[in-house]
Amino acid sequence: MTNNVKTIRVKASGEYDVIIGRGLIESVGELVKEVCSATKIALVTDDTVDALYSKAVESSLLSSGYKVVKFVFPHGEESKNLITYGNILNFLAENELTRTDALVALGGGVVGDMAGFAAATYLRGIKYIQIPTTLLAQIDSSVGGKTAIDLPYGKNLVGAFCQPIRVICDINALSTLPQDVLGDGMGETAKYALLDKKVFDLLKTDYDMLDLVYLCVDYKRQVVEADEFEGGFRKLLNLGHTPAHGIERLSKYTVPHGKAVAMGLEIILNASLKHGLINANEFEEMKSAVKKCAPENVCPFDIKDICQASLTDKKRSGDNISLIMVHGVGDCRPVKIKISDMWEYLR
Ligand code: NAD
Ligand code: GLY
């Protein structure tokens with residue numbers, strides 16, 4: 001573990017630290033021990049991450065005196081379903097995990113969302129720790145307690161708000177990410193750049209990834225602390241997500257989430273310019289920030305089809321949909337529009 005470790009305290013319904021540093025995976029046992037008195041830990045991961053990091057995590061947990069049982073499922077969004085979720089629950093029961101035991105989610109957002117949901121519901125809830133290993137999971141999905149699985153009807157349709165007891169972000173884990181997965185995380189970073197001036201400014205520099213993860217998590221902390229259960233303010237984190245949702249659906253989920261978000265941000269920026277919320281200079285500056293994060297991102301779909309495909313979005317309520325619009329860097333606000341006006345509004 002290096003000395004350059006940053007900690008962010010999240011004060012939500014559960015209070016916990018997000019620890020960000022390099023080489024933390026080797027010290028997972030100690031970091032878990034500080035917050036978890038479990039006897040047994042269920043380590044849940046996907047096959048790719050298993051081959052890379054399970055051994056180090058398992059041996060660190062064993063050295064700290066935990067009994068460890070491991071559940072591995074095939075990587076990818078296709079696994080984030082009722083079947084894998086059921087298999088995790090059965091695995092926890094077969095291995096007799098009790099309410100005082102805990103689960104460790106090691107992997108990207110798919111592992112974190114699904115293992116988190118299993119932890120939220122097994123025995124009506126056991127404690128869990130997130131060890132996010134993708135950029136997207138480090139800056140977004142591991143923090144804030146949203147857990148979910150997909151249904152054939154759409155993504156994240158079943159889930160629960162359940163905060164982890166600790167999040168351990170090892171920046172070194174990002175070094176094994178394939179370029180496209182890293183690029184996907186950068187797409188989600190573009191969202192933070194428009195939401196938070198600090199991220200926007202950092203991206204203009206020769207930044208350290210640790211600082212980028214730190215600033216994004218710290219922004220998310222503020223939002224989650226203000227509105228944990230997404231009554232209003234947390235909806236800001238959905239910036240770009242409504243068109244992104246349509247793009248993901250149209251592509252049959254071959255366009256990954258972060259890339260779809262970057263495409264969605266461009267659609268929102270265009271509409272923000274069209275409606276006079278930002279001027280041409282602001283538009284160019286923000287567009288180039290998004291492009292810097294997602295350079296080769298070209299939306300392959302027509303805006304009319306995107307609007308139609310985004311109608312299953314959870315941000316819809318009745319005949320209205322809430323879109324987050326950009327009024328400036330660090331100044332994004334919701335606008336409620338009629339579903340029937342969405343295409344006219346965004347095109
Ligand atoms: P992912 O979990 O599928 O990971 C992408 C790929 O990278 C997988 O093949 C995985 O095996 C591999 N991988 C993970 N870590 C690696 C590493 N260190 N080295 C090499 N390979 C590695 O995808 P993701 O982009 O991390 O997460 C996407 C999911 O997150 C979606 O299901 C989305 O709905 C969810 N999400 C949730 C929230 C939330 O608030 N809960 C927010 C945003 C996204
Ligand atoms: N990723 C959106 C949220 O956590 O609210």
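All ligand and atom numbering here is 1-based and tracks the order in the structure.
The environment of K70 atom NZ is dense: over 12 non-hydrogen atoms of other residues, nucleotides or ligands sit within 6.0 angstrom. No more than 12 heavy atoms of other residues, nucleotides or ligands sit less than 6.0 Å from atom CZ of R124.
A side-chain donor-acceptor contact under 3.5 Å links H241 and E188. No hydrogens or angles considered: nothing links the side chains of Y128 and T147 as a donor-acceptor pair under 3.5 Å.
For atom 15 (N) of ligand 1, the closest heavy atom belonging to the protein is T133 OG1, 2.7 Å. Of the protein's non-hydrogen atoms, D46 OD2, 2.7 Å is the one closest to atom 11 (O) of ligand 1. Nearest protein neighbour of atom 20 (C) of ligand 1, counting heavy atoms only, is T176 O, 3.1 Å. Among protein heavy atoms, atom 4 (O) of ligand 2 sits closest to K220 NZ, 2.6 Å. If you check which protein heavy atom lies closest to atom 30 (O) of ligand 1, you get G109 CA, 3.4 Å. Atom 4 (O) of ligand 1 has its closest protein heavy atom at T134 CG2, 3.7 Å. Scanning the protein for heavy atoms near atom 38 (C) of ligand 1, the closest one is S141 CB, 3.2 Å. For atom 7 (O) of ligand 1, the closest non-hydrogen atom on the protein side is V181 CG1, 3.7 Å. Scanning all protein heavy atoms for the shortest distance to atom 44 (C) of ligand 1 gives L136 CD2, 3.6 Å.
Polar contact check, E188 against ligand 1: no nitrogen or oxygen pair lies under 3.5 Å apart. Polar contact with ligand 2: present for R234 (N/O pair, distance under 3.5 Å). Checking only distances, K146 does come within under 3.5 Å of ligand 2, N or O to N or O. Checking only distances, K155 does come within under 3.5 Å of ligand 1, N or O to N or O.
A salt bridge is absent between K155 and D113: the closest approach of a Lys/Arg side-chain nitrogen to an acidic carboxylate oxygen does not fall below 4.0 angstrom. Residues K191 and D140 are paired through a salt bridge, judged by an N-O separation under 4.0 Å between the basic side chain and the carboxylate. No salt bridge links D101 with R99; every basic N to acidic carboxylate O contact stays at or beyond 4.0 Å. Under a 4.0 Å N-O distance rule, the pair D211/K6 qualifies as a salt bridge. Salt-bridge formation is detected for the pair R9/D17: a Lys NZ or Arg NE/NH1/NH2 atom is positioned less than 4.0 Å from an Asp or Glu carboxylate oxygen. The existence of a salt bridge linking R166 and E34 is confirmed by a sub-4.0 Å separation between a basic side-chain nitrogen and an acidic carboxylate oxygen.
L123 and F117 end up in the same hydrophobic cluster when Ile, Leu, Val, Met, Phe, Trp and Tyr side chains are linked at under 4.5 Å.
At least one side-chain heavy atom of C299 sits less than 4.5 Å from a side-chain heavy atom of I247. Inter-residue side-chain proximity for V326 and M286 is flagged as met; some heavy-atom pair is nearer than 4.5 Å. Contact annotation: the side chain of E15 never approaches that of Q163 to less than 4.5 Å [non-hydrogen atoms, C-beta and beyond].
In the candidate list V111, L177, I149, L177 is nearest to atom 16 (C) of ligand 1, counting heavy atoms. With L236, V261, D140, L237 as candidates, the residue nearest to atom 1 (N) of ligand 2 on a non-hydrogen basis is D140. Ranked by closest heavy atom to atom 34 (O) of ligand 1, the top entry among H257, E77, K80 is K80.
Proximity to Y53 (heavy-atom distance under 4.0 Å) selects the following atoms of ligand 1: 18 (N). Of all the atoms in ligand 1, the ones that sit under 4.0 Å from a non-hydrogen atom of K220 are 40 (O). The distance from ligand 1 to the heavy atoms of N156 drops below 4.0 Å at these ligand atoms: 34 (O). Ligand 1 places these atoms under 4.0 Å from at least one heavy atom of H75: 9 (O), 11 (O). Close approach of ligand 1 to L52 is summarised as follows: ligand atoms under 4.0 Å from at least one heavy atom of the residue are 19 (N), 20 (C). Near V110, meaning under 4.0 Å from any of its heavy atoms, are these atoms of ligand 1: 1 (P), 2 (O), 3 (O), 27 (O), 29 (C), 32 (O). Atoms of ligand 2 lying under 4.0 Å from any heavy atom of E230, numbered from 1 in the order shown and given with element: 5 (O). Per-residue contacts place A173 under 4.0 angstrom from the following atoms of ligand 1 (heavy atoms of the residue considered): 17 (C), 18 (N). Near D184, the atoms of ligand 1 lying under 4.0 angstrom from a non-hydrogen atom of the residue are 25 (O).
The proximity of K146 to ligand 1, defined as any non-hydrogen pair under 4.0 Å, involves the side chain as well as the backbone. Here D113 has side-chain heavy atoms under 4.0 Å from ligand 1, and that is the only part of it that gets that close.
Cation-pi check for K33 over Y66 is met; the charged atom lies under 6.0 angstrom from the ring centroid and within 45 degrees of its normal.
If you run side-chain hydrogen bond (donor to acceptor under 3.5 Å, both in side chains) between H75 and each of T48, T45, D50, only T48 comes through.
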